[in-house]
There are 2 protein chains.
Amino acid sequence: MNDWDDYRLILAIARSGSLRSAAGELGLTHTTVSRRLAALQARRGLVFDKVPGGYAPSPLGEALIEVAQEMEELSLKGERFERASNPDLAGPIRLSLPEAIAQFLLLEDLVEFSQTHSAIDLQIETSSRFADLDRSEADVVVRGAKDPPGHLVGRRLFPNCVTYYGHRDYLASTPPEKLRWIAPSPEARTPGWLEKSPYPDAPIVLSLDDVTARHRALVTGLGLSRGACFMADPEPDLIRLPGSEPEPLQDIWVLTHPDLRETPRVRALMEHIIQAMLRKKDLVTGALG
Amino acid sequence: MNDWDDYRLILAIARSGSLRSAAGELGLTHTTVSRRLAALQARRGLVFDKVPGGYAPSPLGEALIEVAQEMEELSLKGERFERASNPDLAGPIRLSLPEAIAQFLLLEDLVEFSQTHSAIDLQIETSSRFADLDRSEADVVVRGAKDPPGHLVGRRLFPNCVTYYGHRDYLASTPPEKLRWIAPSPEARTPGWLEKSPYPDAPIVLSLDDVTARHRALVTGLGLSRGACFMADPEPDLIRLPGSEPEPLQDIWVLTHPDLRETPRVRALMEHIIQAMLRKKDLVTGALG
DNA sequence: ATTCATTGGCACATATTCGCACCAATTATC
DNA sequence: GATAATTGGTGCGAATATGTGCCAATGAAT
C-alpha cells in the first residue's frame, strides 16, 4: 500500500535529480529510493530515464509529476487543516520574520508571548525571504513587502523607515573628506540612496548584505550607513547625519494563511505581534529621532 | 513514509465505517488498519471517533476526508496517464458492457479482437450499471444510455430495439385466455409496455430482472415476453407476437475517458466494436424480423 | 591529468510492518 | 431472548522494508 506515497518519490526525484538528494528530502537512504523507484517502474512503466548527470522524466513521468505536484498541494492543505484543528491555545506555531525585526524589535514581545502561553510551541525562523505559506513554510509571517500574496490574511501596518547615521566619535574625529560608507552589495542597494545622502561623494569601503552585521559595523564606528530607525535610534552613540529625515521603505505586514485564520493560537500570536508593533510605531517610522 | 497513503486509509474508513471493511478495500487486514489509524491519530490528532455502529469523522477528519477525495481523483488521473502511456497495441483494457450485449451480440467479435491483438489483455466486465470512467472502473464502456456523462468521448450508435415474443410451440398449444407474461419486477418495468402489447389482459406470472434469465425462460416456452431483437430474432423457435413492431429503447454508446482517447489499444478496441456494431445494426434495430 | 566529491548498486543486517489466530464485545437476525 | 454474524483488540511469528558499509563509476574542481 504505497501507491500514493510513490508520488512523493516521483516528486523528490524530479526536483532533485539524484537518488541521494531525493533520499535526503524523503528521510530515506538512497538505497531505499533506488529500490522504490525500481518497484514503481516495474508496476507502472518507465517514469525516469537515467541520463548523464541524473534522472530525466519520461513522457509518463512528466504526466505523473504534474499529478504529484497537485497531490503535494493537497497534502499541504491537509497539514494546514491539521494545524488549524487545535481549538486550544496550544500546539506549534512557526513564525517567520527577518533577523533584524526578530532581534531588534520583537524579541522581548515574543518571549513574553511564549511565557504567557506556555502550551504554545513558538518556533521562530528568521529568514531573509518571504516564507511560502501555501507550502506551509511558516504559519505566520512578519515582513516588509510591497505586494504580498493577495490571498494571505492579516494586517498591513506602517512603513519601515530608514535614514543616515554615524557614530558620534567617528563623526567627531573624521574630517568630511575622509568619511566612508558601509553599504549593501551593489545589486542589493536601493537606487539613489547615496545621491540623497548628506555625503554623496564619500566612497563605499565596506559592502555587507547582512543587516545585523552592517549595524554592528556602524555601531563600532567603522563608517557611515543608512539603517533602519528601529535599529539605530535606540543606540545612544549613533546620531543622524545632518539634514537626514526618515524615509519609508516597504510596509510591514503580519500575515497568515486563510486556512489558519480562525485557529486560536494563530489569532493570539498575530494580535500580540500587531499590538506590540503598534506600540513601537513611532520608533519604526523614525518619529522619535 | 506513509503520509500520503494515510489519506487512502482515511477515505476507506470514511466510506465503509468499519476497520474490517476498510481493510478489505485496502487489501490489508483489520489489524493493520487499526494500527495505522492509531499511528495516524497519534501524529495528527483525532480523525475518527468510535461511535456505536462504527467510526464517525471528527471535524479534522471531515476536512481530511475532503482532501483525501481530491487525492483519490488525482490518483485516478495518474492511473489513466499510466494506462494511456503505452504507445503499442499492448497492455490491459477493461471493457464494461451489459451481460446481454456481451453474450448475445459481441462475444465473437471480442474473441476475434483478442486473437488479433494477442498482446492486449482484454478484461471483459459485465455489469448492469454504467461504469464510472472517472474512477477508472473501466477503460471502455458499451451501454444503452439516455444521457451518458458529457465529457466521455466516443460514438453514439443506434437504438436497442425490443418487441414482443413467444415460443412457437407455446403459442400453438396455449389458448389466448391462458397466455402468461414473463416480465421484470414491477420497479424495473417500462411504463405502458403491457398495455401496448398484443395481450394486455394476460397476467404476469414470472418476474425476472436478469435479462439473460428472462430470455432463457422465453426460449424454454414458459410464457410471453418483451425482449431485445438482437437476442430474440436469431432464435428459430421464437416468433414475434401478432402486430408487434420493434420499438427503440435507449441508444447504444461506445465511450472512453478523454485521457484515454489517444491510447492506441483503446482506439483499436473502440473501432473494432463500433464496426462490429454497425454490421449488426439491422439485427439490433429489429430490421430483420 | 590528477584528485576529490558525489553518485548508483549490492550483500548483509536490522527494523518495521503486516498477517494469523484467537477472543470478548457488539450488532443483526430470527 | 437466543443465536449467528461481525466487529475491534492483542500476542506472536512471518514478511517486507529499510539502513549500513562498501565499492566502482561518474562528475567536479584544481
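Naming convention: chains lettered A, B, ... in sequence-line order (proteins, then strands); numbering from 1 in each chain. Values reported hereafter were calculated over all heavy atoms of this structure, with side chains retained and with hydrogens, waters and symmetry mates removed.
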* Asked: What do the steps show when you test A:Arg80 against A:His257 for side-chain hydrogen bond (donor to acceptor under 3.5 Å, both in side chains), and what is the final call?
  -> CA-CA 9 Å; A:Arg80 288 196 295 275; A:His257 193 285; 3.3 Å; yes
* To do: Using the closest heavy atom to pick a nucleotide of DNA chain D for each, name whichever of A:Thr29 or B:Leu19 lands nearer the 5' end.
  => B:Leu19
* To do: Name the residue closer to the 5' end of DNA chain D, choosing between A:Gly27 and A:Val51 according to the nucleotide with the nearest heavy atom.
  => A:Gly27
For the pair made of [atom1] in [X] and [atom2] in [N], what is the distance, rounded to whole Å?
{"X": "A:Leu9", "N": "D:dT18", "atom1": "CG", "atom2": "P", "result": "10 Å"}
{"X": "A:Gln41", "N": "C:dG9", "atom1": "CD", "atom2": "P", "result": "11 Å"}
{"X": "B:Asp5", "N": "D:dT16", "atom1": "CG", "atom2": "C1'", "result": "15 Å"}
{"X": "A:Phe48", "N": "C:dG8", "atom1": "CZ", "atom2": "C1'", "result": "15 Å"}
{"X": "B:Leu37", "N": "D:dT10", "atom1": "CG", "atom2": "P", "result": "13 Å"}
{"X": "B:Arg20", "N": "C:dG19", "atom1": "CZ", "atom2": "P", "result": "13 Å"}
{"X": "B:Asp3", "N": "C:dT17", "atom1": "CG", "atom2": "P", "result": "12 Å"}
{"X": "A:His30", "N": "D:dA17", "atom1": "NE2", "atom2": "P", "result": "18 Å"}

* Measure from the side-chain N and O atoms of A:Arg189 to the backbone N and O of A:Pro184, and report whether any donor-acceptor pair falls under 3.5 Å. => yes
Hey, does the side chain of [X] come within less than 4.0 Å of [N]'s phosphate (OP1/OP2), counting only N and O?
{"X": "A:Thr32", "N": "D:dG19", "answer": "yes"}
{"X": "B:Ser34", "N": "D:dG9", "answer": "yes"}
{"X": "B:Arg36", "N": "C:dC18", "answer": "yes"}

* Asked: Touch check for A:Ser18, heavy atoms < 4.0 angstrom, all strands: base, sugar-phosphate only, or nothing?
  -> sugar-phosphate
* Could you go step by step and tell me if B:Arg8 and B:Leu26 meet the side-chain contact (heavy atoms from CB on, under 4.5 Å) rule? -> CA-CA 8 Å; B:Arg8 293 185 65 192; B:Leu26 296 165; 4.1 Å; yes
* To do: Mind checking salt bridge (charged side-chain N to carboxylate O under 4.0 Å, His left out) for B:Glu137 and listing every partner two or more places apart, or none if nothing turns up?
  => B:Arg129
* Are any of the side-chain nitrogens in A:Arg44 or A:Asp6 under 4.0 Å away from the carboxylate oxygens of its partner? -> no
* Mind listing the residues from residues 53-61 of chain B sitting with a heavy atom below 4.0 Å of DNA chain C? Number order is fine. => B:Gly53
* Asked: Just how far is it from atom CG of A:Leu11 to atom CD of A:Glu72, taken to the nearest 0.5 Å?
  -> 5.0 Å
* Just do the side-chain contact (heavy atoms from CB on, under 4.5 Å) check on A:Ser75 and B:Met71 with the steps written out, would you? => CA-CA 8 Å; A:Ser75 165; B:Met71 274 192 158; 3.8 Å; yes
* Closest nucleotide of DNA chain C for A:Lys50 versus for A:Arg35: which of these residues is on the 5' side? -> A:Lys50
